[in-house]
4 protein chains.
Amino acid sequence: MIQKRPKYKQIIDAAVIAIAENGYHQTQVSKIAKQAGVADGTIYLYFKNKDDILVSLFQEKMGNFIEKIEDEIKTKQTASEKLYFLIEKHFSLLAEDHHLAIVTQLELRQSNKELRIRINQVLKGYFNVLDKILTSGKETGEFREGLDLRLARQMVFGTIDEIATTWVMNDQKYNITEQAMKVHELIVYGFIHQS
Amino acid sequence: MIQKRPKYKQIIDAAVIAIAENGYHQTQVSKIAKQAGVADGTIYLYFKNKDDILVSLFQEKMGNFIEKIEDEIKTKQTASEKLYFLIEKHFSLLAEDHHLAIVTQLELRQSNKELRIRINQVLKGYFNVLDKILTSGKETGEFREGLDLRLARQMVFGTIDEIATTWVMNDQKYNITEQAMKVHELIVYGFIHQS
Amino acid sequence: MIQKRPKYKQIIDAAVIAIAENGYHQTQVSKIAKQAGVADGTIYLYFKNKDDILVSLFQEKMGNFIEKIEDEIKTKQTASEKLYFLIEKHFSLLAEDHHLAIVTQLELRQSNKELRIRINQVLKGYFNVLDKILTSGKETGEFREGLDLRLARQMVFGTIDEIATTWVMNDQKYNITEQAMKVHELIVYGFIHQS
Amino acid sequence: MIQKRPKYKQIIDAAVIAIAENGYHQTQVSKIAKQAGVADGTIYLYFKNKDDILVSLFQEKMGNFIEKIEDEIKTKQTASEKLYFLIEKHFSLLAEDHHLAIVTQLELRQSNKELRIRINQVLKGYFNVLDKILTSGKETGEFREGLDLRLARQMVFGTIDEIATTWVMNDQKYNITEQAMKVHELIVYGFIHQS
DNA sequence: CATGAATGAGCCTTCATTCAT
DNA sequence: CATGAATGAAGGCTCATTCAT
């Protein structure tokens with residue numbers, strides 16, 4: 001099959017590398033173009049502006065991830081298993097793409113309010129998956145009835161995100177995927193339960 | 001008593017307001033100067049550069065907060081109480097200063113790697129407080145023995161931070177301080193325990 | 001034939017005029033751009049920075065002059081004739097370009113050490129021509145054997161330069177080219193010889 | 001005797017050092033003040049502005065030199081002797097004050113037109129001395145009758161100046177005072193005469 | 001006379017974006 | 001579709017100078 005919009009992906013991938021290696025504000029559009037092997041102007045045939053590259057990149061990578069997760073998660077039985085699976089896959093995604101991890105955890109944050117709104121649009125898909133897991137957990141009785149959906153969702157995402165960011169800031173020195181089990185345990189059982 | 005470094009605090013406070021209202025990158029140094037009622041050049045008598053204002057602001061505000069917390073927390077008996085106190089005070093801090101909340105949760109993130117390292121220096125104080133609480137909880141048996149200090153700390157901070165950020169992005173429409181109890185419960189008991 | 005690097009020369013010529021009329025420090029880059037009929041940013045496609053314009057200008061104008069002189073001087077027989085030719089042409093160069101004279105004799109001096117080193121690189125070509133003339137004069141016996149090459153070269157250049165500078169500072173009121181004969185005589189015969 | 005205007009000289013001397021070591025444009029007024037051990041504002045009690053320091057410095061140092069020369073030169077008999085004495089003393093002045101040499105030969109040139117006019121005022125004294133020597137030489141028959149006073153004066157000054165500048169730019173590596181004899185010879189006898 | 005904190009005018013340079021080819 | 005030369009807006013920072021003490 002012929003690649004759809006080959007230059008689009010080419011530019012996205014170039015942007016991930018360039019931004020990860022130089023930082024968003026230090027990455028000129030011309031640098032991305034060079035890395036992608038296209039002319040500066042070509043970028044603007046595929047993206048509205050520089051910010052759009054950053055968002056599109058996130059949409060592409062994180063969107064794909066969410067879709068995949070949503071599919072695969074159906075094979076898991078319990079809400080707890082689903083949650084573990086999500087955590088593990090999220091960490092794996094970052095661990096497998098060194099550059100993406102930097103862009104996602106550090107560079108993406110350097111965006112203005114407008115950008116962050118579009119980024120949150122993408123995250124909505126992630127939050128939906130989480131909500132489904134939590135709701136199903138409540139329905140089956142795995143999770144307690146009174147569990148506040150919004151707070152729980154924010155706890156899960158906030159925890160995963162913070163752990164990932166710290167890991168990236170420590171130059172990804174340790175194996176983050178290995179921690180999925182303990183993180184899952186911490187979220188589900190809190191500080192008290194003896195596991 | 002004569003105010004210590006009145007211009008310094010004057011500029012910090014002006015910066016909080018200006019940056020909260022316009023965004024960091026949209027806030028020219030001259031705008032901060034105007035808001036502070038000083039000349040542009042005066043800024044540079046107290047701060048190395050524009051970025052330094054942002055970090056100093058955080059050092060000043062968050063540093064003070066951490067010191068105060070550290071003191072007050074000693075009056076609390078159990079680790080659980082201490083943790084609740086921290087969460088409640090953190091939310092209160094943001095709820096009480098509309099502008100600071102925006103700067104802390106949104107604008108501060110738009111900083112490059114170097115800045116973030118200095119910000120993390122400040123957060124170390126926060127993390128130390130958290131570690132002390134967690135350790136004391138483990139010692140008294142309130143928290144389980146196997147609790148991973150680092151992960152637990154990251155969970156607490158990640159959760160608080162994410163909840164605060166979402167609240168700010170929703171224009172601080174609801175009362176965040178009220179949620180302290182439920183957040184505390186969620187962290188300590190996880191998804192399962194019936195409280 | 002298509003002009004080679006038309007914008008480059010365009011900017012150089014604009015810079016000569018603008019700097020001559022306003023002085024180097026009073027000539028903003030935007031002023032040069034306007035004079036050249038290009039955008040400010042275009043300057044930086046051809047020059048590293050403002051200082052680079054000044055040096056490049058000198059390289060271009062003086063470099064061309066030296067090359068031309070080197071060629072034409074070969075047609076002259078004696079060292080004395082060659083020397084006269086050089087002096088006369090040097091004065092002519094300045095007399096024919098009012099603006100260039102100002103820039104060369106006055107504005108170019110307002111440069112820092114780094115710049116002056118690059119300027120001296122260009123002058124090396126000039127000094128080489130001088131050295132060749134002096135050496136040939138010594139070989140043919142026109143000039144005395146004991147003549148110190150370095151000092152003689154510095155005397156010739158220093159004399160020409162000082163006379164040119166004074167002429168420029170006096171608003172180029174008199175005809176400098178006419179003086180070539182007497183200057184040549186002074187240099188070759190000194191204060192004593194009756195010519 | 002109580003020093004007259006001790007701070008004035010203090011600042012002048014500080015300026016010579018600071019400017020020699022950092023370059024004129026890199027020497028902030030505050031740097032001169034610090035070097036002089038006075039407050040920034042004090043500078044302006046003695047000098048109109050920054051440029052005025054540079055000119056005053058030159059007036060002080062070169063003015064003194066010219067006065068001294070004018071006196072001492074009277075003891076010399078012939079015009080040639082007088083000229084030699086001048087050259088030798090000029091070189092000595094620079095050789096004896098490393099910093100002054102840099103300021104005089106390099107930094108002083110980085111001045112705008114207005115400054116240079118005031119500098120030339122000081123040099124008029126120098127030129128007068130030269131003119132007297134040359135005129136007397138012509139009267140006694142030492143120098144040829146047709147000698148153009150203005151050109152001869154410019155040749156002497158241009159030669160000395162160029163030799164001094166080159167010496168400074170070469171980091172004053174060799175002994176310049178030693179060259180006085182050969183320079184004198186070159187000026188008086190030109191390229192031809194066998195000395 | 002002396003201080004030094006405060007002033008504020010001024011400009012080089014970058015770089016996202018455009019558009020003629 | 002693709003190019004890349006040209007554009008031009010925009011602002012952080014310096015530092016000579018002032019003046020209240």
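First the proteins, then the strands, lettered A, B, ... as listed; each starts at 1. What you are looking at is a predicted structure, and each value in this text was computed from that prediction instead of being measured.
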Sugar-phosphate, base or nothing in reach of A:Phe47, heavy atoms under 4.0 Å: nothing
Gap between atoms CD and P, on D:Gln10 and E:dC1 respectively (whole Å): 13 Å
Residue mapping more 5' on DNA chain F - nearest nucleotide basis, B:Lys50 or C:Gly41: C:Gly41
Whole-Å distance separating the CG atom of B:Leu54 from the P atom of F:dG12: 13 Å
Check: A:Tyr44 and A:Val29 side chains under 4.5 Å, non-hydrogen atoms: yes
Min side-chain heavy-atom separation D:Lys9-D:Glu60 under 4.5 Å: yes
Value in whole Å for how far the P atom of F:dC19 lies from CG of D:Asp40: 16 Å
Spacing of D:Leu45 atom CG relative to F:dT21 atom C1', expressed in whole Å: 14 Å
Gap between atoms OH and P, on A:Tyr44 and E:dA16 respectively (whole Å): 6 Å
A:Glu21, CD atom: more than 12 neighbouring heavy atoms under 6.0 Å: yes
Whether over 12 other heavy atoms sit under 6.0 Å from C:Glu114 CD: no
Distance in angstrom units between A:Ile43 CD1 and E:dT17 C1', rounded: 12 Å
C:Thr42 side chain near F:dA6 phosphate (N/O to OP1/OP2, under 4.0 Å): no
Contact list for DNA chain E against residues 19-39 of chain A - heavy-atom distance below 4.0 Å: A:Gln28, A:Val29
E:dA6 phosphate, OP1 or OP2, under 4.0 Å from B:Tyr46 side-chain N/O: yes
Spacing of C:Lys7 atom NZ relative to F:dA6 atom P, expressed in whole Å: 4 Å
Integer-rounded Å distance: E:dC12 C1' and C:Asn49 CG: 9 Å
Gap separating the NE2 atom of D:His25 from the CD1 atom of D:Ile19, nearest 0.5 angstrom: 10.5 Å
Side-chain heavy-atom pair A:Lys34, A:Lys31 within 4.5 angstrom cut-off: no
Under 3.5 Å on both distances, the Watson-Crick or G-U partner of E:dA20: F:dT3
pair B:Tyr24-B:Lys50: side-chain heavy atoms closer than 4.5 Å: yes
